[in-house]
There are 2 protein chains.
Amino acid sequence: MADGHGASGHGGESLLYLTDEQLRQGIEAMFFAYRGFTADPDRILSGLAYGRAHHRAIHFINRAPGTTVNNLLSILGVTKQSLNRVLRTLIEDGLVESRVGRTDKRERHLYLTDAGSELEQRLSDAQRTRMRAAYRAAGPEAVAGFRTVLEAMMDPDMRRTYHKLRESGT
Amino acid sequence: MADGHGASGHGGESLLYLTDEQLRQGIEAMFFAYRGFTADPDRILSGLAYGRAHHRAIHFINRAPGTTVNNLLSILGVTKQSLNRVLRTLIEDGLVESRVGRTDKRERHLYLTDAGSELEQRLSDAQRTRMRAAYRAAGPEAVAGFRTVLEAMMDPDMRRTYHKLRESGT
DNA sequence: TTGGAATGTCAACAAGGCTGACTTATGCTG
DNA sequence: CAGCATAAGTCAGCCTTGTTGACATTCCAA
């Protein structure tokens with residue numbers, strides 16, 4: 001672990017373990033791990049004239065079918081213009097369907113088509129495979145800690161969104 | 001935890017806890033947490049005509065002073081043209097210094113100037129503050145698990161780079 | 001019924017990735 | 001020493017994906 005201080009055991013309540021060096025290692029771990037996290041889907045997408053933004057849209061439409069554009073916007077944290085460009089190509093290519101709202105005709109509800117679902121599967125299979133390998137290698141306790149820290153790192157708004165998705169998802 | 005299966009306890013060696021739903025939650029946690037992770041430095045940088053790419057360069061030059069351009073390239077995983085654009089503005093603005101190598105004059109060794117160090121401090125203070133809060137909230141065991149999973153998620157090359165930085169850093 | 005709010009679209013621009021082609025300076029090896 | 005390899009930098013041009021601004025449509029409430 002090579003942290004230059006004590007408190008390396010697992011049971012310590014010590015508050016001294018948060019040296020700048022330890023925090024910096026966490027920061028770098030996040031950076032390098034995120035690269036791995038996105039690498040596999042990126043590889044698939046690069047052959048398809050799509051990018052990471054398309055992946056994100058497809059992921060969350062699959063996760064919450066029938067979501068409105070506005071809702072998707074707040075999940076993704078981009079401007080509606082930015083999302084729209086991505087969405088348009090997905091609709092043109094027949095991966096996403098946009099249905100006018102029944103009660104409020106201003107709204108568009110988004111669904112994956114069969115082709116869209118198929119791509120979603122391909123992408124998330126790749127990502128899950130890596131995730132599964134990492135989880136297996138690290139073990140259940142590490143996974144629990146991993147999730148706890150990630151959640152604590154989110155902005156409150158994002159944490160709320162994250163929880164809402166979890167409720168609907170299971 | 002509401003995962004629809006058993007194996008929710010912490011001590012299980014069960015291999016059944018890796019449902020697609022659990023993995024997807026991990027994926028979403030990564031996504032939302034990374035947003036939080038970059039939010040604070042991004043805010044500082046947006047007022048300064050710099051972006052995330054500048055932050056990364058500054059971070060790793062600070063971490064490994066005297067690094068060559070080539071070495072920085074392999075850490076960041078971008079092309080030299082892409083890095084060069086960023087590096088040029090940092091040098092022009094007097095945040096980074098580029099010294100011709102003493103033994104091999106083809107190489108350029110990169111250092112932060114005082115102004116560069118100052119900005120680095122501002123940026124990493126912001127990022128560390130969030131990290132520290134998350135670590136505190138999650139506790140030492142969770143932090144250990146967090147790091148273990150992140151490391152398992154990296155590509156082997158990145159893991160090697162990550163370890164090399166840790167050795168030099170401590 | 002009319003004005004404001006919400007929703008979605010179009011256009012233009014910037015950051016920061018990428019490839020490809022090339023130059024310059026230097027190191028190394030036959 | 002000649003010639004190839006390596007490190008760095010530059011120019012040009014492309015793509016994705018973020019941004020703002022302007023605008024059309026729709027809903028709802030005063």
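Sequence lines set the chain letters: A, B, ... in the order given, protein chains first and strands last, and positions in each chain run from 1. FYI, side chains are in, hydrogens and waters are out, and symmetry mates aren't considered; it's all heavy atoms of this structure.
Listed by first then second residue, pairs satisfying side chain to side chain donor-acceptor pair (under 3.5 Å) with a partner in residues 71-81 of chain A read Thr67(A)-Asn71(A), not counting sequence neighbours. Sorted by first and then second residue, the pairs that involve residues 84-96 of chain A and meet side chain to side chain donor-acceptor pair (under 3.5 Å), not counting sequence neighbours, are Tyr50(A)-Asp93(A), His54(A)-Thr89(A). Within the structure, the salt bridge (charged side-chain N to carboxylate O under 4.0 Å, His left out) test picks out the following pairs touching residues 47-58 of chain A (sequence neighbours left out): Asp42(A)-Arg52(A).
Residues forming a side-chain contact (heavy atoms from CB on, under 4.5 Å) with Arg108(B) (at least two apart in sequence, or on another chain): Val69(B), Ser98(B), Val100(B). Under the rule for a salt bridge (Lys or Arg N to Asp or Glu O under 4.0 Å), Arg35(B) has no partner lying at least two apart in sequence or in another chain. For Glu28(A), the side-chain contact (heavy atoms from CB on, under 4.5 Å) criterion is met by Arg24(A), Phe32(A), His59(B), Phe60(B), Arg63(B), Tyr162(B), Leu165(B), not counting sequence neighbours. Among residues two or more places apart in sequence or in another chain, the side-chain contact (heavy atoms from CB on, under 4.5 Å) test is passed with Asp157(B) by Arg160(B). With sequence neighbours excluded, no residue forms a side-chain contact (heavy atoms from CB on, under 4.5 Å) with Arg102(A). For Arg128(B), the salt bridge (Lys or Arg N to Asp or Glu O under 4.0 Å) test picks out Asp20(A), Asp125(B), with sequence neighbours left out.
Distance, Leu90(A) CG to dT17(D) C1': 13 Å, rounded to whole Å. Leu48(A) has its CG atom 15 Å from the C1' atom of dC15(D), to the nearest Å. Atom CG in Asp42(B) sits about 17 Å away from atom P in dT17(D), given to the nearest Å. Between the CG atom of Leu87(A) and the C1' atom of dT17(D) there is a distance of 14 Å, rounded to whole Å. The CZ-C1' distance, from Arg108(B) to dA25(C), rounds to 8 Å in whole Å. In this entry the distance linking CD of Glu107(B) with P of dA5(D) reads 19 Å, nearest Å.
Using five terminal pairs a side, the axes of the helix from dT1(C)-dA30(D) to dG30(C)-dC1(D) at its two ends make an angle of 10°, given in steps of 10 degrees.
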Sugar-phosphate or base contact per nucleotide [nucleotides 13-21 of chain C; S, B, -; heavy atom under 4.0 Å]: ---BBBBBB
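Of the possible donor and acceptor atoms, one in the side chain of Thr113(B) sits under 3.5 Å from a partner among the backbone N and O of Gly94(B). Panel note: side chain Arg130(A), backbone Met153(B); a donor-acceptor pair is recorded below 3.5 Å.
The phosphate of dT10(D) (OP1 or OP2) has a side-chain N or O of Asn84(B) nearer than 4.0 angstrom. For dA8(D), the OP1/OP2 oxygens have a side-chain nitrogen or oxygen of Asn70(B) closer than 4.0 Å.
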Pairs under 3.5 Å (N/O, protein and nucleotides 27-30 of chain C):
residue, atom, partner, partner atom, Å
dG27(C), OP1, Thr103(B), O, 3.1
dG27(C), OP1, Lys105(B), N, 3.0

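Note on Thr68(A): nothing from the nucleic acid sits closer than 4.0 angstrom, heavy atoms only.
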